[in-house]
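What follows is a short report on a single structure.
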Amino acid sequence: TRETFAWMSQLKFHMDEKTNTVRIEICDYTTYFGYEYIGNCGCLVVTPLTDRCYITLTQAMRLVLGGAPAGPAGTGKTETTKDLGRALGVMVYVFNCSDQMDYKSMGQIFKGLSQAGAWGCFDEFNRINLE
């Protein structure tokens with residue numbers, strides 16, 4: 001029903017007392033809290049678009065894929081990604097891409113992100129030179 005989907009589409013945190021872990025669920029995606037302390041900062045205003053982005057990004061992670069929020073400048077794509085990472089306890093590094101970046105520098109960034117288990121958020125990704 002409509003109410004069931006409204007409940008399933010919210011981030012829910014469940015504490016398992018036996019294993020001392022926090023399980024996070026949204027729709028049919030389940031993960032465990034990453035315990036990366038990001039700091040005590042403000043949260044985003046949750047709108048229907050924010051909920052839709054959370055669902056889309058977590059479903060992509062369920063399928064072992066990535067996400068690329070697209071839209072006009074200043075609409076909160078980066079902040080939404082950072083806020084989802086904060087909610088899941090995952091470190092998110094934001095990179096402002098420029099035409100000075102090439103495949104070698106991107107390779108170094110990807111190596112560091114994979115070693116740290118962190119997310120990368122690449123602003124202005126279309127500026128990177130393809131050669």
Side-chain angles (χ1 to χ4, degrees):
T1 66
R2 190 173 186 183
E3 292 81 21
T4 305
F5 179 73
W7 172 249
M8 287 183 61
S9 64
Q10 302 297 312
L11 276 175
K12 294 176 287 302
F13 298 83
H14 306 279
M15 178 70 183
D16 186 353
E17 299 290 335
K18 293 179 184 173
T19 60
N20 204 25
T21 57
V22 177
R23 189 178 76 247
I24 304 170
E25 296 176 350
I26 182 170
C27 292
D28 60 347
Y29 174 71
T30 302
T31 189
Y32 291 94
F33 190 71
Y35 294 102
E36 183 71 44
Y37 181 69
I38 313 297
N40 189 15
C41 48
C43 293
L44 286 180
V45 174
V46 178
T47 64
L49 184 58
T50 309
D51 285 336
R52 187 178 299 170
C53 286
Y54 279 15
I55 293 168
T56 304
L57 290 171
T58 54
Q59 291 302 300
M61 289 188 298
R62 185 178 77 80
L63 298 171
V64 195
L65 299 171
T75 54
K77 300 177 293 293
T78 300
E79 291 303 317
T80 301
T81 304
K82 285 171 39 180
D83 199 58
L84 179 60
R86 188 178 303 119
L88 299 179
V90 177
M91 188 68 194
V92 179
Y93 290 102
V94 178
F95 299 94
N96 292 312
C97 301
S98 71
D99 55 352
Q100 303 296 318
M101 297 176 79
D102 60 355
Y103 70 95
K104 292 179 185 176
S105 61
M106 291 299 294
Q108 293 294 322
I109 291 171
F110 288 135
K111 280 175 30 179
L113 289 172
S114 62
Q115 289 175 357
W119 290 0
C121 185
F122 298 92
D123 274 347
E124 302 296 332
F125 191 74
N126 57 327
R127 289 186 186 177
I128 299 175
N129 196 357
L130 296 179
E131 282 95 41

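For the numbers below, each heavy atom of this structure counts, side chains included, while hydrogens, waters and symmetry mates do not. Just so you know, these numbers come straight off a predicted model, no measurement behind them.
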Please round to the nearest 0.5 Å and tell me the distance separating atom [atom1] of [X] and atom [atom2] of [Y].
X: T56; Y: L49; atom1: OG1; atom2: CG; value: 9.0 Å
X: T31; Y: I26; atom1: OG1; atom2: CD1; value: 12.0 Å
X: L11; Y: C27; atom1: CG; atom2: SG; value: 9.5 Å
X: N96; Y: M101; atom1: CG; atom2: CE; value: 9.5 Å
X: Y29; Y: L57; atom1: OH; atom2: CG; value: 10.5 Å
X: E25; Y: Q10; atom1: CD; atom2: CD; value: 13.0 Å

Identify the heavy atoms of [X] and [Y] that sit nearest to each other, and give their distance.
X: E124; Y: C97; answer: O-CB, 3.4 Å
X: P72; Y: T75; answer: O-OG1, 2.9 Å
X: T58; Y: I55; answer: OG1-O, 3.1 Å
X: G66; Y: A60; answer: O-CB, 3.6 Å

Decide whether [X] and [Y] are clustered together by the hydrophobic rule: side chain heavy atoms of Ile, Leu, Val, Met, Phe, Trp, Tyr closer than 4.5 Å, transitively.
X: Y35; Y: W119; answer: yes
X: V90; Y: F13; answer: yes
X: Y54; Y: V22; answer: yes
X: L88; Y: M15; answer: yes
X: M61; Y: V92; answer: yes

Assess, by modelled atom type and distance only, whether the side chains of T81 and T78 contain a donor and an acceptor separated by less than 3.5 Å.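 T81 vs T78: no donor-acceptor pair found between side chains.
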Do you see a donor-acceptor pair shorter than 3.5 Å between the side chains of D83 and T80?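 There is no such pair between these side chains.
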When you compare the side chain of F122 with that of I128, does any pair of heavy atoms fall below 4.5 Å?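 Of all side-chain heavy-atom pairs linking F122 with I128, none is under 4.5 Å.
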Just wondering, do M106 and F125 contact through their side chains at under 4.5 Å, heavy atoms?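 Heavy-atom side-chain distance check passes, below 4.5 Å.
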Return yes if some donor-acceptor pair links the side-chain N/O of K77 with the main-chain N/O of G71 below 3.5 Å, else return no.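 Pair found, side chain donor or acceptor close to backbone of G71.
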Under 3.5 Å, is there a donor-acceptor pair between the side chain of K12 and the main chain of W7?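 Confirmed, K12 side chain pairs with W7 backbone.
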Who pairs with E36 by salt bridge (charged side-chain N to carboxylate O under 4.0 Å, His left out), at least two apart in sequence or on another chain?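 Counting only residues at least two positions away or on another chain, E36 forms no salt bridge (charged side-chain N to carboxylate O under 4.0 Å, His left out).
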Verify the neighbour count for atom CZ of F95: are there more than 12 heavy atoms of other residues, nucleotides or ligands below 6.0 Å?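 Result for CZ/F95: enclosed.
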Please list, chain by chain and in numerical order, all residues satisfying ring-ring contact (aromatic ring centres under 6.0 Å, His included) with Y32, sequence neighbours excluded.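 Once residues adjacent in sequence are excluded, Y32 has no partner under the ring-ring contact (aromatic ring centres under 6.0 Å, His included) criterion.
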State plainly whether the residues R62 and D28 are in salt-bridge range, i.e. N to O under 4.0 Å.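 Yes, R62 and D28 are salt-bridged.
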